[in-house]
Amino acid sequence: MVTKQYSGSPEDADLSRADSLAREIFSDVANKWALLIIETLGERTLRFSELRNEIEGISHKMLTQNLRMLERNGLVERTVHPTVPPRVEYILTEPGQGLRATVDGMCDWTHTYLGHIEAARRRFEA
């Protein structure tokens, strides 16, 4: 692994690291499945099977991969209950809830400009 050396101030290094981390996280969560998982969890706790049943078209593999990525980034908390069979539940963390508010804002933006977007697409495709 190569480590970058910063010649500027510690604050510059912190900002550079923050920018890099932001790009990583945006890359991770900027897919339809991650956004749907965040929206579906909302403010509730759901089991894996409940999530899969509520997100139309998601495969077991895609749900697993996205939940692991969201957990890795601290957006989802996974709780395993020691039962037979094990019961696993997922809930958004505080940062996950913050991201959900941003996703809700994006959805609101889409609703506001839906007519404009559809008209632009019709003009473009004509």
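- Distance CD/E89 to CG/L51: 11.0 Å, rounded to 0.5 Å.
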What side-chain donor-acceptor pairs closer than 3.5 Å can you find for residues 21-34, not counting sequence neighbours?
{"from": "D28", "atom 1": "OD2", "to": "N73", "atom 2": "ND2", "distance (Å)": "2.9"}
{"from": "N31", "atom 1": "OD1", "to": "W33", "atom 2": "N", "distance (Å)": "2.9"}
{"from": "N31", "atom 1": "OD1", "to": "A34", "atom 2": "N", "distance (Å)": "2.8"}
{"from": "N31", "atom 1": "ND2", "to": "D28", "atom 2": "O", "distance (Å)": "3.0"}
{"from": "N31", "atom 1": "ND2", "to": "N66", "atom 2": "OD1", "distance (Å)": "3.3"}

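- Within the structure, side-chain hydrogen bond (donor to acceptor under 3.5 Å, both in side chains) contacts touching residues 40-50 (residues at least two apart or in different chains) are R44-E54.
- I91 belongs to no multi-residue hydrophobic cluster, having no ILVMFWY side-chain contact under 4.5 Å with any other such residue.
- For the pair L63 and I37, the minimum side-chain heavy-atom distance is below 4.5 Å.
- We find the CE-CG distance between M62 and L67 to be 10.5 Å, quoted to the nearest 0.5 Å.
- Here the side chains of T79 and V88 are not in contact, with every heavy-atom distance at 4.5 Å or above.
- Under the ring pair (Phe, Tyr, Trp, His ring centres under 6.0 Å) criterion, the residue pairs touching residues 45-100 are F48-H60, with sequence neighbours excluded.
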Considering only distance and modelled atom types, tabulate donor-acceptor pairs under 3.5 Å from the side chains of residues 106-126, sequence neighbours left out.
{"from": "T110", "atom 1": "OG1", "to": "M106", "atom 2": "O", "distance (Å)": "3.0"}
{"from": "H111", "atom 1": "ND1", "to": "C107", "atom 2": "O", "distance (Å)": "3.2"}
{"from": "T112", "atom 1": "OG1", "to": "D108", "atom 2": "O", "distance (Å)": "2.9"}

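- N53 CG to I58 CD1: the interatomic distance, rounded to the nearest 0.5 Å, is 11.5 Å.
- Counting only heavy atoms from C-beta outward, the side chains of R100 and L92 approach each other to under 4.5 Å.
- Every residue was checked against the side chain to side chain donor-acceptor pair (under 3.5 Å) condition with E39, not counting sequence neighbours, and none meets it.
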